[in-house]
2 protein chains.
Amino acid sequence: MSGTSDHWDRRIGRRVTLRDLHVLLAVVQWGSMAKAATHLSVSQPAISKAVADLERAVGARLLDRSPSGITPTPFGSVLVKRGLAVFDELRQGINELEFLADPTTGEVRIGCPESIAAGLLPAVVERFTRQYPKMVLRVAQAQTVTSEFNELRERTVDLMIGRIARPFTEEGLSAEILFEEPLYIVAGAQSRWAKRRKLTLAELAGERWILTPPNEVLSSPVAAAFHAQGLEPPHATVVSFSFHLRNHLLANTDFISLIPASMLRLFNARQTVLKALPVDTKFEPLPVGIVTRKNQQPSPEAQLFIDCARSMVDTIITTPEFTKSATHKTAG
Amino acid sequence: MSGTSDHWDRRIGRRVTLRDLHVLLAVVQWGSMAKAATHLSVSQPAISKAVADLERAVGARLLDRSPSGITPTPFGSVLVKRGLAVFDELRQGINELEFLADPTTGEVRIGCPESIAAGLLPAVVERFTRQYPKMVLRVAQAQTVTSEFNELRERTVDLMIGRIARPFTEEGLSAEILFEEPLYIVAGAQSRWAKRRKLTLAELAGERWILTPPNEVLSSPVAAAFHAQGLEPPHATVVSFSFHLRNHLLANTDFISLIPASMLRLFNARQTVLKALPVDTKFEPLPVGIVTRKNQQPSPEAQLFIDCARSMVDTIITTPEFTKSATHKTAG
DNA sequence: GCCTGACATAACCGAAACCTTATAGCGTTA
DNA sequence: TAACGCTATAAGGTTTCGGTTATGTCAGGC
């Protein structure tokens, strides 16, 4: 290291400053120097100069200037990427220092879809906060898994917890499967299907279904199951992510839906509202897992949280809804 | 990001400077402020002040001062670790810029043991340099795999290529197996064993063996093979990494050794010097692979090199020494 | 052709950053 | 106990950094 470091350090380390990098990030983020200037509460020339300095330092044009603002050149994009990493590394560093000073303090930023936030997460959060009372948990909910992943990539959240597709092929992210969650075809307890002791998927083909939007993890099992029996996937009468909406519709009308075990347990605590239908079809259980950034180890607090979540898997998968998954008996 | 960034940036980003970080790294590296001062060509108080500034900025004692120098506190160690990452990120950034400016230029720093440097590497290097003539390859040889891994961890090299133990459990590193290399028990062509058409491992137990030091990847297969037959591992008369030494001893005396296929091919081009003995024992082939830092993607040049190495696997494993591995015929 | 929005340049200024030399404190060691 | 090695502090000087206001340049919309 020492061999090249001296030379390199003098050429770059002294010229590239954190401030310049930060200005670059702001400019790219806001799309124009003027906007960045107002957001950083400095004058526009200051920004202009900082960017110019940086460009001189690295010897490459970083931004394309136009009358309507700026767009980063490929060079700029690269430096933005690295700049984000640099600042994140720093942030993680001082974060780690604070954690070292008081290992019970810290902050974990979690991203998750509604289904997890309502089902699994509370259990984990409860244990975690009891174990580390001074720890702060920030939970960001997201409508779609895609935007969730972007938040993870942009380092707005430390980890994501949710149902993950398999194989998991998101660029730059890595997933750890916590457990497999059974899926149930569910109708309201008052539904005419609820009384049946046995029924086939084909019988349900014409029903009114509540599904999630296509391309989402939860929507494919239904289509796959129907397809496996040579049936057309059912027509979705309602398409929504909201489990509350679903639950309400199921409980009060004749809708049918596919919901994960944890949701069934949550909404059906007294087991009088919903009923898992004894359909003769096998659904691939849905993997639930934790997604983190590849190429970067999580903060110590995040690691604690992950460990906590992992340690809860056993208690989760021994609940009735999980163990009964293979037999597809009614859960009501 | 913007939510916390403003606040955070003002508190830390403005106080922690790259220079201070760099000073900290140097001080820790050299073990004392005075030494760091001379190495950085500044006066000692400058160093002292920089460290004090940094400590004030992060609000934690980073170094334990003693009359004989300094040792980093846990806080210091953490910040050193992050500091290294920060500088590496920066270096990678400008490196990427240069690569972007001229994708044929660049530098790949490779670490590997002698066996690879002599056997596999030349082939890869030849293709790689032909493909990217302006690329600079730095090859650092290491005696032991352990020190090799340290170089990788310290970011002195971009990647390591060598025989890797399986399972691969090095903390913070990840390995990709390129191919499996057969192992041969070899003696000199003049050896009395060379004339035999068939022989057992037990017959060789009393011979004079050349082995690598214990705990190294290459030494265990021999011990394992003997152990599998209920035999005591042979006594190593010569213990060395040097393949040249080995080859010389094998060719001129009655030594016996275990060498990988690529070495056999290299030293036995005309097939008159060494002879692979037709022993009735199966050796687990040794995986050869590329080790990189986990949690960090390699530089674009390094990626090119890895791709190149990967693409050469096919041509390598179709050479006679490789394909014959299962039958254990003589290779001479 | 004339505004307008957006960035670049110039001139200038204060604060801080960074360096130096000199000196003091303080364990270790001869 | 004196010398030595290492670090901290003080005092003082340059440099440069980060910022301002004022002004220039340039492309496009009306």
Side-chain angles (χ1 to χ4, degrees), chain A residues 6 9-73 75-76 80 83 87, chain B residues 6 9-73 75-76 80:
Chain A
D6 286 352
D9 172 75
R10 208 163 313 174
R11 241 203 94 206
I12 306 297
R14 288 299 278 259
R15 296 246 175 280
V16 176
T17 71
L18 287 181
R19 206 197 93 83
D20 288 350
L21 262 185
H22 185 243
V23 167
L24 176 72
L25 297 189
V27 170
V28 171
Q29 181 181 2
W30 299 115
S32 96
M33 295 197 185
K35 290 204 190 74
T38 59
H39 278 281
L40 296 180
S41 325
V42 295
S43 69
Q44 169 265 318
I47 302 293
S48 179
K49 191 139 89 90
V51 172
D53 284 352
L54 191 55
E55 284 180 327
R56 197 164 37 76
V58 303
R61 186 160 200 78
L62 299 173
L63 301 176
D64 276 335
R65 282 80 158 170
S66 86
S68 59
I70 58 93
T71 53
T73 66
F75 297 94
V80 164
F87 280 109
Chain B
D6 286 352
D9 173 75
R10 207 163 315 171
R11 241 203 93 206
I12 306 296
R14 288 300 277 259
R15 298 246 173 281
V16 176
T17 72
L18 286 181
R19 205 198 93 84
D20 288 350
L21 261 186
H22 184 244
V23 168
L24 176 71
L25 297 189
V27 170
V28 171
Q29 181 181 2
W30 300 115
S32 96
M33 295 198 186
K35 289 203 191 75
T38 59
H39 279 281
L40 296 180
S41 325
V42 295
S43 68
Q44 170 266 317
I47 303 293
S48 179
K49 190 147 131 41
V51 172
D53 284 351
L54 191 56
E55 285 181 326
R56 199 164 35 78
V58 303
R61 187 159 199 78
L62 298 173
L63 301 176
D64 277 336
R65 283 80 159 171
S66 84
S68 60
I70 59 93
T71 52
T73 67
F75 297 94
V80 164

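Below, chain A is the first sequence line, B the second, and so on; all start at residue 1.
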Visitor: Kindly write out the residues that satisfy side-chain hydrogen bond (donor to acceptor under 3.5 Å, both in side chains) with B:Ser43, not counting sequence neighbours, or none if the list is empty.
Guide: none
Visitor: Measure the distance from CZ on A:Arg19 to P on C:dA15 and round it to the nearest whole Å.
Guide: 18 Å
Visitor: Does B:Ala46 or A:Ser68 map to a spot on DNA chain C nearer the 5' end, using the closest nucleotide for each?
Guide: A:Ser68
Visitor: Taking atom types as they are modelled, is there a donor-acceptor pair under 3.5 Å from the base of C:dA6 to the side chain of A:Gln44?
Guide: no
Visitor: Verify, without hydrogens or angle tests, whether A:Ser32 (side chain) and A:Ile70 (backbone) share a donor-acceptor contact under 3.5 angstrom.
Guide: no
Visitor: Could you grab the distance from atom CD of A:Gln29 to atom CG of A:Leu24, nearest 0.5 Å is fine?
Guide: 11.0 Å
Visitor: Ring-plane angle category for A:His39 and A:Trp30, please: parallel below 30°, perpendicular beyond 60°, tilted otherwise.
Guide: parallel
Visitor: Would you indicate which nucleotide in D:dT7, C:dC7, C:dT20 comes nearest to any side-chain atom of B:Arg65?
Guide: D:dT7
Visitor: Heavy atoms only, 4.0 Å cut-off, all strands: where does A:Ile70 land among base, sugar-phosphate and nothing?
Guide: sugar-phosphate
Visitor: Starting from C1' on D:dG19, measure out to CD1 on A:Ile47 and report it in whole angstrom.
Guide: 11 Å
Visitor: All N/O contacts under 3.5 Å from nucleotides 28-30 of chain D to the protein, with atom names and distances to one decimal?
Guide:
none

Visitor: Provide, to the nearest angstrom, the distance between the CG atom belonging to B:Leu63 and the P atom belonging to D:dC6.
Guide: 15 Å
Visitor: Does anything in residues 49-56 of chain B reach DNA chain C, meaning a heavy atom under 4.0 Å, and if so which residues?
Guide: none
Visitor: When we call it a touch if two heavy atoms are under 4.0 Å apart, what does A:Ser32 touch: a base, just sugar-phosphate, or nothing?
Guide: sugar-phosphate
Visitor: Using a 4.5 Å cut-off on heavy atoms from C-beta on, say whether the side chain of B:Leu54 contacts that of B:Val23.
Guide: no
Visitor: In this structure, how many angstroms lie between the P atom of C:dA17 and the CG atom of B:Leu18, rounded?
Guide: 14 Å
Visitor: Atom NE2 of B:His39 and atom P of D:dC6: how far apart are they, to the nearest Å?
Guide: 12 Å
Visitor: Kindly say if A:Ser43 contacts the phosphate of D:dG19, meaning a side-chain N or O under 4.0 Å from OP1 or OP2.
Guide: no
Visitor: Counting side-chain heavy atoms from C-beta on, which of D:dG18, D:dT7, C:dC19 comes nearest to B:Ala34?
Guide: D:dT7
Visitor: What pairs with B:Ser68 under side-chain hydrogen bond (donor to acceptor under 3.5 Å, both in side chains), at least two apart in sequence or on another chain?
Guide: B:Ser66
Visitor: Would you mind telling me which of C:dC19, D:dT20, D:dT7 lies closest to the side-chain atoms of B:Met33?
Guide: D:dT7
Visitor: Given that B:Pro45 and B:Lys35 both sit by DNA chain D, which one's nearest nucleotide is further toward the 5' end?
Guide: B:Lys35
Visitor: Taking all heavy atoms of A:Arg19 and all of A:Ala50, pick out the closest pair and write down the distance.
Guide: NH2-CB, 3.7 Å
Visitor: I need the full list of salt bridge (Lys or Arg N to Asp or Glu O under 4.0 Å) pairs touching residues 34-48 of chain A, with sequence neighbours left out, sorted by first then second residue.
Guide: none
Visitor: Think A:Arg15 has a side-chain N or O under 4.0 angstrom from the OP1 or OP2 of D:dC17?
Guide: no
Visitor: What integer distance in Å separates B:Asp64:CG from D:dA8:C1'?
Guide: 16 Å
Visitor: Mind jotting down which residue pairs meet the salt bridge (Lys or Arg N to Asp or Glu O under 4.0 Å) criterion with at least one end in residues 58-70 of chain B? Sequence neighbours excluded, please.
Guide: B:Glu55-B:Arg65
Visitor: Enter the distance from A:Leu40:CG to A:Ile47:CD1 here, rounded to the nearest 0.5 Å.
Guide: 5.0 Å
Visitor: Starting at atom CG of B:Leu40, determine the distance to atom P of C:dT20, rounded to an integer number of angstrom.
Guide: 11 Å
